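Since the structure comes first, as structure tokens, the remarks are kept for the end.
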Amino acid sequence: MTNLKKKDQMEYLEIKETRNINDGKYLRAKERIAEMKKFYGKLLSYAVFIAFLAALNYYTNGWNYMWFLWVAFGWGIGLVFKAVKVFGMNPFFGRGWEERKIKEFMEEDEQQNRWN
């Protein structure tokens with residue numbers, strides 16, 4: 001009975017090791033989806049709150065001074081930065097920059113360790 005349990009454990013470990021690559025991709029994709037959901041939630045709250053402030057602005061003084069635009073502009077800048085982060089539209093680093101740098105540093109480390 002003990003041998004059977006060990007055999008089952010070994011098969012489980014082998015299956016688990018082969019799934020690690022796919023599990024990592026799955027977890028990264030799931031994390032990215034969670035970030036996108038948070039972003040869309042923030043975007044929705046932005047739209048609702050700015051609409052409320054615009055209505056309040058119109059109710060208090062018409063459109064004589066549109067003070068709600070200051071709030072919309074300030075909060076909008078934050079949303080733009082969040083969108084850049086979530087959707088990977090960073091013009092300075094671009095897509096895959098982090099992965100390329102990791103590979104580069106790993107190769108440099110490998111080169112240095114060959115001669116040590």
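Fair warning: this is a prediction, and the values are worked out from it, not measured in the lab. Sequential numbering from 1 along the given sequence is applied to the chain's residues.
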* For W70, what residues pass the side-chain hydrogen bond (donor to acceptor under 3.5 Å, both in side chains) criterion, not counting sequence neighbours? ->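 By the side-chain hydrogen bond (donor to acceptor under 3.5 Å, both in side chains) rule, W70 matches Y65.
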Non-neighbouring partners of [X] that pass side-chain contact (heavy atoms from CB on, under 4.5 Å), sequence neighbours left out:
X   : result
A51 : none
Y59 : none
E31 : E35

* Asked: Is the ring centre of F52 less than 6.0 Å from the ring centre of F68?
  ->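 No, they do not, as the ring centres are separated by 6.0 Å or more.
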* How are the rings of Y58 and W63 set to each other: parallel, tilted or perpendicular (split at 30° and 60°)? ->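 Rings of Y58 and W63: tilted, 30 to 60°.
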* Measure the spacing between CG of L69 and CG of N57 and express it to the nearest 0.5 Å. =>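 Separation between the atoms: 7.5 Å.
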* same_hphob_cluster(L53, V48) at 4.5 Å side-chain heavy-atom cutoff ->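 Result: no, two separate clusters.
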* **Nearest heavy atoms of L79 and K42, plus distance in Å** =>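 Between these two residues, the closest heavy atoms are CD2-CB, 4.1 Å.
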* Asked: If every non-hydrogen atom of F87 is compared with every non-hydrogen atom of R32, which pair is closest and at what distance?
  ->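 So the two residues come closest at O-NH2, 4.0 Å.
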* Non-hydrogen side-chain atoms of R100 and K103 separated by less than 4.5 Å ->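 Of all side-chain heavy-atom pairs linking K103 with R100, none is under 4.5 Å.
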* Taking the side chain as every heavy atom from C-beta outward, state whether S45 and W75 have any atom pair closer than 4.5 Å. =>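 Yes, close enough: below the 4.5 Å cut-off.
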* To do: Can you sort out the partners of F81 under ring-ring contact (aromatic ring centres under 6.0 Å, His included), two or more places apart, ordered by chain and number?
  =>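 So F81 forms no ring-ring contact (aromatic ring centres under 6.0 Å, His included) with any residue.
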* To do: For W67, check ring-ring contact (aromatic ring centres under 6.0 Å, His included) against everything at least two apart and list the hits.
  =>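 So W67 forms no ring-ring contact (aromatic ring centres under 6.0 Å, His included) with any residue.
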